[in-house]
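Below you'll find the structure, written out as structure tokens, and then a few comments.
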Amino acid sequence: MSDYLNELNEGQRAAVLYNNGPSLVIAGAGSGKTRVLTYKIAWLLENGFRPWNILALTFTNKAAREMKERIALQVGEDLARRLWMGTFHSIFLRILHAEASRLGFSSQFTIYDAADSKSLLRSIIKEMGLDEKVYKPGVVQGRISNAKNHLVDPAGYAANREDHEGDCAMKMPAIRDIYHRYWNRCRQADAMDFDDLLIYTYILFRDHSEVLARYQEQFKYILVDEYQDTNFAQHSIVLQLSQSQRNVCVVGDDAQSIYSFRGADIDNILYFTKVYPETKVFKLEQNYRSTQTIVSAANSLIEKNQWQIRKEVFSEKEKGDPIGVFHAYSDVEEGDIVANKISELKRRDHYAWADFAILYRTNAQSRIFEEAMRKRGIPYHIYGGTSFYQRKEVKDVIAYFRLSINPNDEEAFKRIINYPARGIGGTTLGKMAKAANEHGTSLWAVLCEPLSYGLELNRGTTGKLQSFKELIAGFQENILQKNAYEAGMEIIQASGIAQDITQDNSPENLSRKENIDELLNGMSDFCSQRLEEGDDRIRLNDFLAEVSLLTDQDSDQDSDSDKATLMTVHSAKGLEFKNVFVVGMEEGLFPSEMSGNSPRALEEERRLFYVAITRAEEHCYLSYAKTRFRYGKMEFCRPSRFLQDIDTRFLQLPQDILTHHKIDEAAQNFRSFVRPAQLSPASTQRSLRRINQTPQNTPPASGQEASASGNKLHAGQLIEHERFGIGEVLRTEGEGENAKATIRFRNAGEKQLLLRFARFKIIV
DNA sequence: CCGATACGCATTTTT
DNA sequence: TGCGTATCGG
């Protein structure tokens, strides 16, 4: 028996060793879930299962890659490589490539990304003469995506009264027709969108029992990671595949289900035991990541949810410090406080910058923290800009690749017909699109024989179309003889892209060139890596298949450098940091106002907060601001209701709450609240609640002491500035209109303010 | 066909 | 407020 079993705790070991039918592993945050999965696979490999008999599904390429690496350490490269391990989408793509003909697709079908699919929908909406203001492509896309995630095809959608009534309620009765057209146009283009990879896999198995039987036979053991994030389609396919052998192990944590807006259905995990009544349930409750205080605080929070699988997560690490709560006067001050705290902690406890993360609910919040960090020279790194493969120049190049592999790819066609500019404009394209639609064929077919589709073009245009056609036709013939890198090189040169981006040395062009070079480098790496592994699938179509399911999260760019991390709570899932700051803890922001009064949506927000807190290993801080700029206006904010969900025994309320008390009295705008210093937990809870009852739209220090010219300031006074917070007056100079004061703010440093403009009130 | 200006609109986003 | 798209003028 392998020694690694000794590295597991009792619960983990039981989960690894059980393989007599379905099992559900409820893995609390930080409980060593990945460890269980990897050891379980290692164990299976050592006990008679062949690697190709094991199917392991994840949600991200990164998760799959990391798990593969860890398994390789246990059982060796050779075995690990032969596992069927990957994301739902990539594994199903592999299956669909092999079985495409049964579904009426070619084996080289294109994958439409979200932008392609939106653009196609936009064309369809226009063609149907519908108002784009009413039929917003994004909303329509959401409806269709949702239908597909629930395995509803266009016929099913049209037949479903509920769906249609929903559309009508949104004044979009034609969605079912759009869906129908969209479906056919994708088939016409030999293209599948991300959701199609799931629904077509389901259809394949549903309608071709011999195919299903073959895969059921092959996959003798199925494992699924992050099961709480599966949607109905994914859940259904797992059931299809596991039906006969019933060796399926799903792992997840219902408390971390935060992707319902993308179709994830928490019920899949909550009711898994209803689908397979003989399911053995394992709970991993020991947290190896965080201090006891952090774990207890998180427990006390998630307890408030009603839809969940109860569990007792505990930690045996040290007790640790309470969770610090900060409040700021403005969003800017919040940034200052957090940045200061980071500097202070680093100095005090000798942390690396990379030990810090700032987590926010929305990307829009990042800017303020960036500025605060930059001001202090703290190196940081932001997750979640436009990813590499979404950059225009990269998409353009890839569109050439796509069209060369699949000439029916309409979106690729539209993208490059006039890039680089070759004088084929909207008018011509419009004529072609009209002809293609009327004849139910592709733009490419029209391009090849413009005359037989009755296109009226002048001679110049005909010539331009002809040469574009020849360009692409040339690629189609050539590129499959070459490897991906050579093919890519040729296309970039021959298409005129290379010339277009080297025309001048403008900074944008330089960066575009860099990106294209990076793409080429990636292609070269792709080829050499596959060759090394003895895999000769290194042609352009192979590259495309891989790259279309890749996202930026996968490229671990400058992870080696020591930088603090700024990201949304969503993107922090699965990560951990020594010190975590969860910022913007305000009503309307976190929880988001979009969740309204829907209890289910609110519970998801609470789970999101749970995810945020449980990222922390040693210290966790929460902060909120009283005012915040949103949509160009200053808004008043109340602290998040979630702050009250955490047992105050685990909180360290604002240290300067005394001063705040004074301020609020002085301003007579806020009700005073009990001093927390000498309070029992219960009454502190009450005091926190009082904060929340602060009238929502109370103006701040509405002018009476504000910056009127008669206002005399003198050194030693304490003031509260609208944006910089509390500060002490160091000195004043000048008279009347030119009167200035130098003020040392607690969190914003020293500032010189022209009193005529400064917005503040005097505290003492 | 490209640039400038206007308008409208705004969570979260593993594939 | 600030960006991305829509439309118009050169």
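Every heavy atom of this structure was used, including side-chain atoms; hydrogens, water molecules and symmetry mates were not. Note that this is a predicted model, so its numbers are computed, not measured. Chain letters run A, B, ... following the sequence lines, proteins first, then strands; residues in each count from 1.
For A/Glu604 and B/dT12, the CD to C1' distance is 9 Å, given to the nearest whole Å. Rounded to whole angstrom, the span from the CG atom of A/Asp331 across to the C1' atom of C/dG2 amounts to 15 Å. In this structure, CG of A/Asp113 is placed 13 Å from P of B/dT14, rounded to the nearest angstrom. One interatomic measurement links the two molecules: CG of A/Asn61 to C1' of B/dT15, which rounds to 8 Å at whole-angstrom precision. Atom-to-atom, CG of A/Leu608 to P of B/dT13 comes out at 10 Å; the value is rounded to the nearest Å. Protein atom CZ of A/Arg607 is 21 Å distant from nucleotide atom P of B/dT11, rounded to whole Å. For A/Lys136 and B/dA10, the NZ to P distance is 6 Å, given to the nearest whole Å. The distance between atom CG of A/Leu198 and atom C1' of B/dT15, rounded to the nearest whole Å, is 8 Å.
A cation-pi arrangement, defined by a distance under 6.0 Å to the six-membered ring centre and an angle within 45 degrees of its axis, is present between A/Arg94 and A/Trp84.
A/Gly423 comes within contact range of the sugar-phosphate backbone alone, with a heavy-atom separation under 4.0 Å but no base atom that close. At the heavy-atom level, A/Thr568 lies under 4.0 Å from the strands shown only through sugar-phosphate atoms. At a threshold of 4.0 angstrom between heavy atoms, the contacts of A/Arg367 are confined to the sugar-phosphate backbone, with no base atom among them. Among the protein residues, A/Ala63 comes within range of no part of the nucleic acid, since none of its heavy atoms lies under 4.0 Å from any strand. In this structure, A/Tyr259 reaches the bases: a heavy-atom distance under 4.0 Å links it to at least one base atom across the strands shown. Note on A/Glu605: a base of the nucleic acid sits closer than 4.0 angstrom, heavy atoms only. Within the 4.0 angstrom heavy-atom criterion, only backbone atoms of the sugar-phosphate kind lie near A/Ile424; the bases stay farther away.
Side-chain to base pairing of A/Arg262 with B/dT15: one donor and one acceptor N or O lie within less than 3.5 Å of each other.
Position along DNA chain B of the nearest nucleotide to A/Glu593 versus A/Glu226 favours A/Glu593 as the more 5'-ward residue. Of the two residues near DNA chain B, A/Phe261 and A/Thr87, the one whose nearest nucleotide lies more 5' is A/Phe261.
Proximity of a side-chain donor or acceptor of A/Asp116 to a complementary backbone N or O of A/Ala412 within less than 3.5 Å is not detected. Listed for the A/Ser119 side chain is no donor-acceptor partner under 3.5 Å among the backbone atoms of A/Ala115.
Ion pairing of A/Glu411 with A/Lys414 is present here, as a side-chain N (NZ or NE/NH1/NH2) and a carboxylate O approach within less than 4.0 Å. Under a 4.0 Å N-O distance rule, the pair A/Arg630/A/Glu593 qualifies as a salt bridge.
Within the 4.0 Å cut-off from OP1 or OP2 of B/dT12, at least one side-chain nitrogen or oxygen of A/Asn363 is found. Look at A/Ser571 and you'll find a side-chain N or O under 4.0 angstrom from OP1 or OP2 of B/dT13.
Taking the six-membered ring wherever Trp is involved, the centroid distance between the rings of A/Phe261 and A/Tyr259 falls below 6.0 Å.
Residue A/Tyr631 has its side chain nearest to B/dA10 when only B/dA10, B/dT14, B/dT12 are considered. With B/dT15, B/dT11, B/dC2 as the choices, the nucleotide that has an atom nearest any side-chain atom of A/Thr362 turns out to be B/dT11. Among the nucleotides B/dT12, C/dT1, B/dT15, the one closest to any side-chain atom of A/Thr60 is B/dT15.
If you take atom C1' in C/dT5 and the same atom in B/dT12, they sit 23 Å apart, rounded to whole Å.
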